[in-house]
Amino acid sequence: MNEHHDVVIVGAGHAGVNLAAYLSKGGYQGSVALLSNETILPYKRPPLSKGFLLDAEPLESLPLRTAEYWAASPVDLQLGVEVLEVRPDEQTVVTASGRELTYGRLVWAAGGRARSLPLPGATLPGVHQVRTLDDVLALKQELPRASRAVFVGGGYIGLETAAAFRGLGLDVTVIEAAGRVLERVTSAEISEYFHRVHREAGVDIRLGATVKEFTERDGRVASVVLGDGEVPADVVVVGIGLVPNIDILAAAGASCSNGIEVDELCRTSLPAVSAIGDCTSQLNPYAPDRRMRLESVQNANEQAKVVASDLLGRPAASGEVPKFWSDQYHIKLKTAGLIAGHDQMVVRGDPGSGVFSVLYLSAGRLVAIDSVNNPVDFAKGSALIKQRAQIAPEVLADSAQPLQETGLPLTAPGARSRVG
Amino acid sequence: MPTITFVDPHGIEHDVEGDVGQSLMTVAVNHDIPGIEGECGGEMACGTCHVYVADTAGCVPPPRTTDEAEMLEVLIDGVKPTSRLGCQIRVGPELDGLSVTVPSE
């Protein structure tokens, strides 16, 4: 007889674990199985590129829930289970060991994997990625004998890890193909700020640089060959983005684009199949004109909440403002809203002071905020974005005035403030 | 281990044990206490670990820091004198028997 669960959750990252917890907290009466393809307790990912590398956060602090939690939980956490196939007509998932589990509802929370570089030498020992705990444990093992680190990719993961490596005293070079770091996620203003901080910390950042290959010596990576030059390396970290794990669900017939397409209740195009977290593509109320795939703990958590509400019989879409954060050195960058399609940008405070915000407006309404070491602006900004508040750019730009709604802009958008 | 009582938004009491050094938020998350999410992981950025801490059985946690007080004002509508962010209170032996109340929204 097949193993049956009312809910089968595939993937035990932040999305899957939070969904399981919301179902328990909400008094869900059905049976829930949570499948992880890893063999350790589900863990937090954000510290992997930050505090955990620096030994500021110990291994014991990483699990999302304790062993005692899972022992007491009605949720059946199954570790080391890899799902290879979904048969939507039979409401069945098939695992690598050939087990078949039937479901009342399948929730695909399989996240993504680090994008790899299809270049010569990219699989040499010493070339790493930062996605799983195993990845980071392998990277940490290199540290005692490494003095020169090269990072391919100047995104959040690359820069956070680079900052940690500088903190550990390594020589660090960052190779970025685009014209600025963090180009995919923020404005030029914030990119310039982080570029300057890293440069002052002694990081060598190469912009507009392309990697051709990795050279080998004694069976390990020895250097990174660029279009114009070569950088010696004892250790290389490739952080060039995430590939969503959509293939299995796509093969089952789910509509997919950049991610698994889900509606506002996180339902896929397949019956009885929902999807949450980094692998999903969804229309966002804060950017309603196009599907987006958001990679953040907060989005994973919000979508988990939505699916829990659906399973608990009181379906409610999320109205929350998307939020992201990144820690580098002493800097806490917190972002609310989606930086897309704004027609006006206002800098609030002095970037030179290390405490400032950049606010993004569309037709006079606040749509996003990047805050640097400024939790008060971040919290107020988030609330104002949710209200779709109209705020005069003059007020936004004056850090002596609190962030608050002022009604219609005092000037026409773009008339006086910088347009970004 | 110190025992903490969480009174959830439905008025149900949950007596749970916390490890010394853990935050009240972490203890609550590890026991599925309704109404506590700890979404930002203890960064004082979300307000989803808001609790009311009354002086119960002589258990009084250390007072708010300036930062916590400031973030409470920003994050929480209708802050009370007993409002705290659970992520900022560390469990210690002196908090054995503490009772905190989780607000209903």
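Just so it is clear, the structure is predicted and the values come from calculations on it, not from any experiment. Letters A, B, ... are given to chains in the order of the sequence lines, protein chains preceding strands, and every chain is numbered from 1.
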A:Pro375 vs B:Met71 side-chain heavy atoms within contact, under 4.5 Å: yes
Under 4.5 Å heavy-atom distance to chain B, tell me which part of [X] shows up: side chain, backbone, both or neither.
{"X": "A:Lys380", "result": "both"}
{"X": "A:Lys305", "result": "side chain"}
{"X": "A:Glu68", "result": "neither"}

Shorter than 4.5 Å, heavy atoms on both sides: which option in [options] has the most such pairs with chain A?
{"options": "B:Glu37, B:His31, B:Glu73", "answer": "B:Glu37"}
{"options": "B:Leu75, B:Val29, B:Thr26", "answer": "B:Val29"}
{"options": "B:Cys40, B:Gly47, B:Gly41", "answer": "B:Cys40"}

Give the minimum heavy-atom separation between [X] and [Y], together with the two atoms involved.
{"X": "A:Asp327", "Y": "B:Glu43", "answer": "OD2-OE2, 3.8 Å"}
{"X": "B:Asn30", "Y": "A:Tyr69", "answer": "O-CD1, 3.0 Å"}
{"X": "A:Lys334", "Y": "B:Ala45", "answer": "CE-CB, 3.8 Å"}

Passing candidate, side-chain contact (heavy atoms from CB on, under 4.5 Å) with B:Val74, options A:Val376, A:Leu403, A:Asp377: A:Val376
Chi angles and distances behind the salt bridge (Lys or Arg N to Asp or Glu O under 4.0 Å) call for A:Lys323, B:Glu39: CA-CA 11 Å; A:Lys323 292 171 188 149; B:Glu39 194 171 281; 5.1 Å; no
Gap between atom CD of B:Gln22 and atom OG of A:Ser61 - 0.5 Å precision: 10.5 Å
Between A:Ala379, A:Pro46, A:Pro402, A:Ser73, the one whose heavy-atom pairs under 4.5 Å with chain B are most numerous: A:Ala379
Toward chain A, the part of B:Cys46 with a non-hydrogen atom under 4.5 Å: neither
